[in-house]
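The shown structure was predicted, so the numbers you read here are calculated from the model rather than taken from an experiment. Numbered from 1 within each chain, the chains take letters A, B, ... in sequence-line order. Just the heavy atoms: all of them, side chains too, but no hydrogens, waters or symmetry mates, feed the values below.
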2 protein chains.
Amino acid sequence: MNLKQLSELLGLSQTTVSRALNGYPEVSEATRERVLRAVKETGYRPNKAAQRLATGKAGSIGLVMPTAPGHQSDVHFGEFLAGLGEEAVRHDFHFVIMPADPDDEVAALRRLAISGNVDALFVAYMRGHDPRLAMLKSLSMPFVVHGRSFGSEPDYPYLDIDNEAAFYEAARLLLQLGHTRFALMNGPAHLDFAIRRRNGLIAALDERGLELAEDCTSHTVMSDEEGLIAMERFLQLAERPTAILCSSTVLALGAIRAVNQAGLKLGEDISLIAHDDVLPLLKPENFSVPLTTTRSSLRAAGVRIAQRLIGTVKQAGSFPEQELWKTELIVRASTGAAPQS
Amino acid sequence: MNLKQLSELLGLSQTTVSRALNGYPEVSEATRERVLRAVKETGYRPNKAAQRLATGKAGSIGLVMPTAPGHQSDVHFGEFLAGLGEEAVRHDFHFVIMPADPDDEVAALRRLAISGNVDALFVAYMRGHDPRLAMLKSLSMPFVVHGRSFGSEPDYPYLDIDNEAAFYEAARLLLQLGHTRFALMNGPAHLDFAIRRRNGLIAALDERGLELAEDCTSHTVMSDEEGLIAMERFLQLAERPTAILCSSTVLALGAIRAVNQAGLKLGEDISLIAHDDVLPLLKPENFSVPLTTTRSSLRAAGVRIAQRLIGTVKQAGSFPEQELWKTELIVRASTGAAPQS
DNA sequence: AATGGCTTCCAAAGCGCTTTAAAATATGTA
DNA sequence: TACATATTTTAAAGCGCTTTGGAAGCCATT
């Protein structure tokens with residue numbers, strides 16, 4: 001069933017039917033209803049490709065998904081997507097996902113943009129000096145980045161959390177508790193959030209004349225396994241750290257196992273604060289020792305970015321270009337006073 | 001830059017340029033190279049919407065993503081998507097993801113199909129007597145189902161793992177170890193895999209004249225938290241189960257915490273076998289007591305389904321309609337002889 | 001009856017591509 | 001040289017929609 005057939009069925013022109021469907025005023029309420037009823041009965045749906053060709057728009061937001069045979073999938077990606085989806089479904093928007101090798105992301109993004117089947121772009125996994133920014137700006141297509149790019153002028157539309165403040169505050173709490181030996185379990189070093197969280201921690205330490213030792217820093221993929229490995233390494237150090245900042249609850253999972261295996265008590269021998277993206281499968285309050293966290297919902301960020309993206313495409317209202325969300329510092333049992341020694 | 005402009009630039013007709021690009025034989029090698037070079041220089045990319053309108057195809061596979069304000073995102077979804085993506089990127093295919101309320105899945109699937117912007121459909125989260133099957137069959141669009149639908153004639157293209165055999169074998173192992181009191185921590189009861197795993201367990205128990213008690217069965221979303229809750233319930237039973245079958249390593253995570261909190265030893269007081277989808281962030285060999293598992297890679301399944309879907313769309317070779325993969329039973333330390341009591 | 005202003009509808013062009021049918025050019029044969 | 005055949009190129013139609021620029025119908029005013 002296409003427009004032509006539907007209009008013939010109704011004895012109307014394609015124009016009229018199209019207008020009735022798209023809410024144009026120059027069609028009587030009587031005929032509009034007649035059209036709508038026919039649509040219900042026949043199950044007619046406009047062909048999106050044709051619609052896009054005619055209008056240049058078809059209600060889709062594009063994103064590239066890094067993937068490769070060795071490449072680990074990322075829980076955070078799924079959770080964020082759920083947020084985007086939650087908003088998209090309200091506006092009948094869909095996603096076009098272009099899988100791409102992580103080394104090929106900038107080219108993939110360009111391909112996606114000029115393929116002409118997305119109205120707007122979403123970009124994540126931002127790095128320091130991210131090369132995608134220049135390309136995006138040259139594109140004249142709406143986009144929003146999740147995160148920022150350390151070292152680039154912040155003149156692009158983004159939504160980010162204040163990673164620096166988050167880890168600064170977390171470190172301050174631990175300092176107040178008397179800790180002096182810190183370690184950081186971070187995400188991959190080139191990623192923006194990792195850079196900023198590290199900076200936040202360093203800033204707080206610096207205020208007390210402390211330093212973050214090189215061997216008390218790990219930058220890894222954020223998996224359970226890497227968390228375990230990193231923590232094991234920390235625990236074997238001569239000057240064992242007592243305060244750990246951890247970029248993800250997933251990393252914390254492994255880290256805590258290492259703590260337990262070493263026969264140490266979390267919240268007594270070792271204090272740990274993790275960043276919590278509010279992953280539904282891993283709640284910090286349910287850990288055997290509930291985790292102190294810096295919290296910000298990844299999913300909420302997804303919803304908000306979808307709002308901005310869709311709003312811009314539909315030209316419905318205007319939005320702030322830059323948003324920086326504060327994280328919450330939630331104190332639970334994994335943090336305690338520094339052990340005497 | 002569009003075809004017309006490109007052809008004018010080259011002094012050729014659109015036809016010739018189009019043919020050169022699409023590998024048709026009726027164009028000389030000389031001109032083909034000339035065209036290809038111009039494409040490189042100008043960065044021309046055909047408009048996918050126009051291509052789709054003209055050919056009916058544009059290299060996309062469609063899927064609906066269940067999402068709603070309360071709806072939890074699912075790690076398994078992300079991991080599967082990574083598998084699909086790994087294959088899709090090799091063929092320059094992309095995904096069109098339609099987010100939809102879980103209650104609206106069959107309608108969403110239909111909308112996606114007749115929207116005319118996908119070439120094939122992928123369907124997951126199969127239920128018993130799944131209503132989507134009838135719709136899919138009526139659609140004349142290629143599709144592959146991940147999983148099966150218990151109670152429906154298996155005459156549709158699917159790829160599934162042998163869930164029944166997996167849990168049957170797992171239960172047999174535990175029976176051989178002397179266990180007689182079993183419990184099952186399963187996924188949502190209406191899902192096909194949950195039905196079959198339960199059946200597998202029941203079949204094995206039945207051979208020994210044993211039964212699976214109602215209060216030793218839990219059907220929940222597969223999260224850490226639910227695992228903890230379910231296991232706590234089991235441990236409070238008068239006749240405490242000693243053998244646990246668990247549908248996910250994520251559930252196991254919570255379950256094990258409950259075991260530890262109760263002061264019990266995994267692999268001694270309680271034996272547990274979990275199904276392992278090979279999620280990169282949660283490796284069963286890294287659990288503090290390494291987990292015995294039934295294993296099958298979700299990601300590999302994604303790759304395979306993408307192969308079949310893309311192969312069918314491109315009409316490149318033929319594929320088996322139905323595939324049933326065996327799982328591996330991998331014995332680690334979380335299973336041991338039944339405790340004397 | 002003629003004019004103007006609304007409302008309601010329509011014919012046709014155009015979005016950027018593919019593909020059919022036909023034309024132009026090159027090659028081989030009698 | 002003329003003709004048939006093969007090769008290379010092109011003009012134009014069509015995919016299903018939106019939208020521009022009119023036209024037709026209806027009413028109230030002059």
Side-chain angles (χ1 to χ4, degrees), chain A residues 1-36 38-39 42-60 92 111 113-119 141 313-315, chain B residues 1-36 38-39 42-60 92 111 113-119 141 313-315:
Chain A
M1 172 67 61
N2 59 24
L3 224 214
K4 190 170 172 195
Q5 294 168 345
L6 181 66
S7 62
E8 278 166 4
L9 191 100
L10 284 162
L12 291 172
S13 75
Q14 298 190 36
T15 312
T16 305
V17 177
S18 170
R19 285 187 163 147
L21 257 33
N22 295 312
Y24 281 68
E26 50 273 81
V27 51
S28 69
E29 269 317 303
T31 44
R32 190 188 304 277
E33 269 180 32
R34 210 155 70 84
V35 169
L36 257 27
V39 166
T42 59
Y44 165 80
R45 285 270 142 186
N47 180 303
K48 287 277 181 190
Q51 224 164 23
R52 162 167 296 283
L53 195 54
T55 60
K57 313 228 153 291
S60 62
D92 198 25
R111 282 204 305 278
I114 62 184
S115 78
N117 57 30
V118 301
D119 301 326
M141 171 174 289
V313 169
K314 288 190 164 177
Q315 304 189 309
Chain B
M1 172 68 61
N2 60 22
L3 224 213
K4 190 171 174 193
Q5 295 168 345
L6 181 66
S7 62
E8 278 166 4
L9 191 101
L10 284 161
L12 291 172
S13 74
Q14 298 190 36
T15 312
T16 305
V17 177
S18 169
R19 285 185 163 149
L21 257 34
N22 295 312
Y24 280 67
E26 51 273 80
V27 51
S28 68
E29 270 316 304
T31 44
R32 190 189 304 278
E33 269 180 33
R34 210 156 69 83
V35 170
L36 256 27
V39 166
T42 59
Y44 165 79
R45 285 270 142 185
N47 180 303
K48 288 275 183 190
Q51 224 163 24
R52 162 167 298 283
L53 195 53
T55 61
K57 312 226 154 291
S60 62
D92 198 25
R111 282 205 305 278
I114 63 183
S115 78
N117 57 31
V118 300
D119 301 325
M141 171 173 290
V313 170
K314 286 190 165 178
Q315 303 189 310

Side chain proximity check, B/L21 to B/Y44, heavy atoms < 4.5 angstrom: yes
Whole-Å distance separating the CE atom of B/M1 from the C1' atom of C/dG16: 14 Å
Protein-nucleotide distance (B/L3, atom CG; C/dG14, atom C1'), rounded to Å: 16 Å
Closest listed nucleotide, where the reference is the side chain of A/T31 and the choices are C/dT18, D/dT18, C/dC9: C/dC9
Nucleotide nearest A/N47 (side chain, heavy atoms from C-beta), chosen from D/dG16, D/dT19, C/dC17: D/dG16
Of residues 18-30 of chain B, the positions that come close to DNA chain D - non-hydrogen atoms, cut-off under 4.0 Å: B/R19, B/E26, B/V27, B/S28
Contact summary for B/V27 and B/A20, nearest pair of heavy atoms: CG1-CA, 4.1 Å
Distance, rounded to the nearest Å, where A/R32 contributes CZ and C/dT7 contributes P: 14 Å
Least distance between heavy atoms, B/A50 atom then A/L53 atom: CB-CD1, 3.7 Å
Side-chain (A/D119) to main-chain (A/S60) donor-acceptor, under 3.5 angstrom: yes
Polar side chain donor-acceptor pair, A/T16 to A/S13, under 3.5 angstrom: yes
Test side-chain hydrogen bond (donor to acceptor under 3.5 Å, both in side chains) applied to A/T15 and A/S18, step by step: CA-CA 5 Å; A/T15 312; A/S18 170; over 6 Å; no
Any B/S115 side-chain heavy atom under 4.5 Å of A/R45 side chain: no
Nucleotide D/dC15, atom P - distance to CG of B/N117 in whole Å: 19 Å
Pairwise side-chain contact, A/M141 with A/V118, heavy-atom cut-off 4.5 Å (strictly under): yes
Interface with DNA chain C, restricted to residues 6-17 of chain A and to heavy atoms under 4.0 Å: A/G11, A/L12, A/S13, A/T15, A/T16
Integer-rounded Å distance: C/dC17 C1' and A/R52 CZ: 15 Å
Whole-Å gap separating C1' (C/dT19) and CG (B/L53): 14 Å
Under 4.0 angstrom between B/Y44 side-chain N/O and C/dG16 OP1 or OP2: no
Nucleotide C/dT18, atom P - distance to NZ of B/K4 in whole Å: 16 Å
Approximate separation, where rounding is to 0.5 Å, of A/T55 OG1 and A/K48 NZ: 9.0 Å
Estimated bend of the helix from C/dA1-D/dT30 to C/dA30-D/dT1 (axis per five terminal pairs, rounded to 10 degrees): 70°
Pairwise salt bridge (charged side-chain N to carboxylate O under 4.0 Å, His left out) hits with a residue in residues 24-35 of chain A, at least two apart: A/E29-A/R32
Separation between CG of B/N47 and CG of A/N117, rounded to the nearest 0.5 Å: 7.5 Å
Expected output: side-chain A/N22 to main-chain A/Y24 donor-acceptor under 3.5 Å: no
Pairs under 3.5 angstrom, nitrogen or oxygen only, protein versus nucleotides 24-28 of chain C, please.
none

Nearest-Å distance for atom pair CZ/P, residues B/R45 and C/dC17: 12 Å
Heavy-atom pair with the smallest gap, counting every atom of A/G116 and A/R52: O-CD, 2.9 Å
Name the atoms and distances for all side-chain donor-acceptor pairs under 3.5 Å in residues 3-10 of chain A, with sequence neighbours left out.
| residue | atom | partner | partner atom | Å |
| --- | --- | --- | --- | --- |
| A/Q5 | OE1 | A/N2 | N | 3.1 |
| A/S7 | OG | A/L3 | O | 3.2 |
| A/S7 | OG | A/K4 | O | 2.7 |

